[in-house]
**Q** 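Shown below is the structure under consideration.
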Amino acid sequence: MLKPKKNVAAASLLCLSLVVSACSNNGDGNQANPSNDKAANSQTTGDEANTSAGNATSEADPQFGKYEPGIELTTVRVIDELKFASGETIDSNQWTRTLEERLGIKVKNNWVVKKDQGQEKMNVTLASGDLPDIFGVNATQLKQLAEAGEIYDLTELYEKYASPLVKEFAEATTNGLAASTFDGKLMAFPAGNATIDNAPILWIRKDWLTKLSLPEPKTMDDVIRIADAFTNQDPDGNGKKDSYGLALNKTLFWTNGGGSFGILEGFMNGYHAYPQSWIKDPGGNLVYGSIQPEMKTALAKLQEMYKNGLIDKEFGVKDEVKEAELASAGRLGMGYGQMWNTLFPLTDSRKNDPAADWQAYPIVSVDSTSASPQTPASSISNYYVVRKDAEHPEALFKMLNLFGELQFDPKTPKEVWQQHSKVDGIEVWQYFPFAVGRPDKNLTIHHNVVAALENKDASALNPEELDAYNNSLAMQEGTGDATNWSYDKVFGKAGSFSVIDKYVTEKLIKSSEYYAAPTATMTDKNATLLKMELETFTKIIMGASVDEFDKFVSDWKKLGGDQITDEVNSWNATK
Amino acid sequence: MVERLTWSRKAFIAFNYTFLTIVSLMCIIPLVHVLAISFSSSEAAAAGYVKLWPVDWTLSSYEYVAGQAAFLKSMLVTVQRVALGVTINMLITVLIAYPLSKETSVFRPRTFYAWIFVITILFNGGLIPTYMIVKYTGIMDTIWALVLPTAVPVFNVILMLNFFRNLPKELEEAAFIDGAGQWTTLWRVYIPLSMPSLATVTLFAIVGHWNAWFDGLIFMNTPDHYPLQSYLQTIIIRQDFSAMASADLDSLTQISDRTAKAAQIFLGALPILIVYPFLQRFFVSGIVLGSVKE
């Protein structure tokens with residue numbers, strides 16, 4: 001009996017030693033890295049001169065010159081559901097051919113993954129140190145890469161190689177370049193939008209307003225009166241009290257990955273409260289919007305609305321899709337949301353009831369000061385970065401330039417544009433790995449479509465604008481279906497972009513002031529704090545004492561909020 | 001029998017039946033709901049009219065799925081994976097369980113090997129090391145990345161091992177006396193006697209491979225190579241709009257396609273639903289037999 005026991009002991013000891021040695025190996029590897037990085041870094045700076053000189057043809061024209069002989073690059077792809085014409089694939093299509101022909105660049109995809117799993121796959125790739133030459137990351141990953149010294153300093157390359165058009169795009173993204181800069185060095189190229197696209201919109205069923213002969217909302221009191229009427233005056237005319245006045249989904253807010261319809265940003269902004277946003281206080285310091293006293297007033301009002309049955313009793317367990325079921329079933333008449341809500345999720349409402357006419361209105365204020373719609377600090381879909389020892393770091397800009405030229409330069413012939421953009425309903429442009437765009441493109445579409453509708457002349461429109469124009473035209477002529485309707489309500493004359501246009505011309509928009517990647521304490525604590533915030537606000541709306549808010553504020557400060565505020569302000573002082 | 005039931009016994013039985021009925025309903029209702037949605041029109045589904053019976057009966061979502069190349073392709077990958085993976089699992093399970101079921105006096109390093117396997121239950125390498133091993137083994141983006149990392153199902157090995165130990169030793173001795181070696185004894189005596197247990201373990205292996213999705217996501221480099229559950233995950237998980245490019249507006253119009261999703265979920269679960277009843281009769285006896293030592 002003794003012997004087996006000894007064996008057990010020996011075996012477990014052996015296994016233990018394996019574990020221990022594995023751990024210590026790991027440690028060594030980590031420690032060795034920084035010095036390696038430095039060595040590699042200094043080497044690449046030396047190399048750069050060589051490679052540039054080696055490819056004379058590409059250097060003769062820094063922005064559009066072709067590599068002779070051609071070069072090969074690696075990247076990784078995070079894609080939408082893509083469609084392909086027969087014979088085309090993600091590795092061989094119109095754009096790969098154009099890239100080779102025009103720039104002599106062959107792009108190899110190390111992996112291709114659909115959007116939802118992109119972050120997970122990217123994180124594994126980053127952790128395993130297996131970086132491709134050029135790739136797109138999010139803000140947190142960018143910060144990690146920059147701090148670990150894994151990526152190329154693009155400051156000089158951006159000046160030399162980026163075309164004026166591409167520079168214009170980068171500068172027009174809200175805070176994009178600032179968020180890509182670390183210690184004064186540009187570490188990434190930001191591709192994304194102006195944040196105006198994310199300003200809150202008030203969606204109301206206009207047909208119900210007309211039916212109950214209610215005026216369009218001018219103040220918060222009007223909004224509550226409308227919600228009350230939609231609940232109690234039987235707007236759907238079925239004789240039952242089964243409708244709700246205000247949509248609300250369980251995430252309460254859109255920021256931090258919440259739903260886009262049935263959110264509260266616009267409502268809160270009406271009370272001059274800015275949830276989950278960093279705003280300047282009168283002293284010029286940055287403060288967290290969710291803990292300001294204005295929030296308490298707004299929450300008290302919501303509580304009253306909930307008590308009076310204006311809000312769905314079950315909102316606490318419904319995401320936006322579930323909440324929108326009420327709209328689709330004709331039991332909901334109003335909701336704060338985003339500019340695209342008629343495309344999703346309200347299009348089903350129109351399909352079920354062709355009379356349903358959701359209309360975008362600007363958010364309104366509780367007093368004489370106009371409401372400022374809040375937006376996130378930035379809306380960057382991709383930070384393009386280059387591995388620090390990539391052979392041709394400047395190739396990123398050449399590719400961006402080419403995309404900019406073929407997609408946005410008015411001098412590009414229409415058939416070339418079309419060929420690279422949308423063929424037979426297939427979105428060819430999405431094949432390109434490093435897409436950029438005019439950040440305020442959507443607003444421009446709206447302007448051009450409205451002008452074309454007034455002049456009855458669509459000849460100046462690009463094909464994308466033409467699509468929007470045709471949708472609106474169909475609605476004007478009374479032949480439109482639910483799809484035409486949903487686009488018209490975004491880009492058309494009275495679409496949600498007319499509201500955003502008003503926000504922009506009246507300079508009402510209030511962006512969050514903090515645009516850098518999450519601070520150290522945010523990374524550690526923010527998830528907990530956000531959870532606490534959501535729980536407290538939900539409880540208050542559902543009837544808990546409004547004074548819970550004060551307790552939340554002091555808890556928030558104690559549990560890391562004060563520390564985060566300090567970090568944000570010291571960042572603000574040095575930016 | 002009936003008149004002998006005491007009051008408390010009756011109460012117990014009543015409680016048992018109610019409780020188990022509720023639990024079964026909780027399992028069945030979501031499935032029926034999904035099935036009902038898949039046969040309904042998309043407008044009715046979007047408005048939440050569909051409960052347990054289809055509204056506006058239609059087969060259009062199934063027609064849509066039939067034309068969906070990605071769904072069929074991933075189904076094929078999963079079938080391949082199950083066929084290959086289960087074969088490897090079963091072969092290895094039996095080959096490991098048999099020697100480990102021997103006494104230490106017959107197979108000296110038995111305890112040592114047993115511990116090596118047990119250790120892998122208690123600790124695992126974690127995501128990144130596993131990823132790197134797969135990568136440097138060179139099986140990334142191939143079917144092998146789905147079947148080799150899970151080739152040794154230790155839990156199943158322990159089940160089989162205990163079952164083998166339970167078989168009368170006299171059978172083995174008789175086989176040896178008749179001149180059989182270890183291989184013959186395993187294939188001709190042990191395996192035929194272990195059918196219930198083998199069926200159970202096979203079922204575990206099938207379900208495990210059928211339901212796995214995360215490894216497909218991490219180890220496969222193109223959506224074309226995704227097994228079914230990874231593919232389903234991509235269509236069911238809600239898109240995060242917070243980083244949405246403005247050009248994605250078109251894709252928004254396709255999100256609320258709930259009926260098609262329901263049809264794909266149901267089709268994805270169907271094969272297991274069909275296989276289960278046939279293997280289930282072995283199930284209870286298989287686990288219980290394997291768990292009792294002499």
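By convention in this document, chain letters (A, B, ...) are assigned in the order of the sequence lines, proteins followed by strands, and residues within each chain are numbered from 1.
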**Q** So what's closer than 4.5 Å to chain A heavy atoms on B:I128: side chain, backbone, both or neither?
**A** side chain
**Q** Surrounding OH of B:Y113 (heavy atoms of other residues, nucleotides or ligands, distance under 6.0 Å), is the total greater than 12?
**A** no
**Q** Considering only heavy atoms from C-beta outward, does the side chain of A:V113 approach that of B:P223 to under 4.5 Å?
**A** no
**Q** Charged N to carboxylate O under 4.0 angstrom, A:E325 versus B:R258?
**A** yes
**Q** Would you confirm whether A:N352, through its side chain, and B:E43, through its main-chain N or O, come within 3.5 Å as a donor-acceptor pair?
**A** yes
**Q** Any non-hydrogen side-chain atom of B:M140 less than 4.5 Å from a side-chain atom of A:W111?
**A** no
**Q** Looking only at heavy atoms, which of residues 129-138 of chain B get nearer than 4.5 Å to chain A?
**A** B:Y131, B:M132, B:K135
**Q** Considering only heavy atoms, which portion of B:Y226 lies under 4.5 Å from any heavy atom of chain A: side chain, backbone, both, or neither?
**A** side chain
**Q** Using modelled atom types only, decide if a donor and an acceptor are shared between the side chain of B:N221 and the backbone of A:N110 within a distance under 3.5 Å.
**A** yes
**Q** By a 4.5 Å heavy-atom criterion (distance strictly below it), what part of B:F219 contacts chain A: side chain, backbone, both, or neither?
**A** backbone
**Q** What's the verdict on side chain to side chain contact (heavy atoms under 4.5 Å, CB included) for A:V124 and B:L127, showing C-alpha distance, side-chain angles and the deciding distance?
**A** CA-CA 8 Å; A:V124 180; B:L127 178 59; 4.0 Å; yes
**Q** Identify, with sequence neighbours excluded, every residue that meets ring pair (Phe, Tyr, Trp, His ring centres under 6.0 Å) alongside B:Y98.
**A** B:Y190
**Q** Need one label for B:A114: side chain, backbone, both or neither, based on atoms under 4.5 Å from any heavy atom in chain A.
**A** neither
**Q** For the interface with chain B, which of A:Q338, A:K322, A:E120, A:R331 has the highest count of heavy-atom pairs at distances below 4.5 Å?
**A** A:E120
**Q** Under a 3.5 Å distance rule, please check whether A:K121 uses its side chain to pair with a backbone N or O of B:M220 as donor and acceptor.
**A** yes
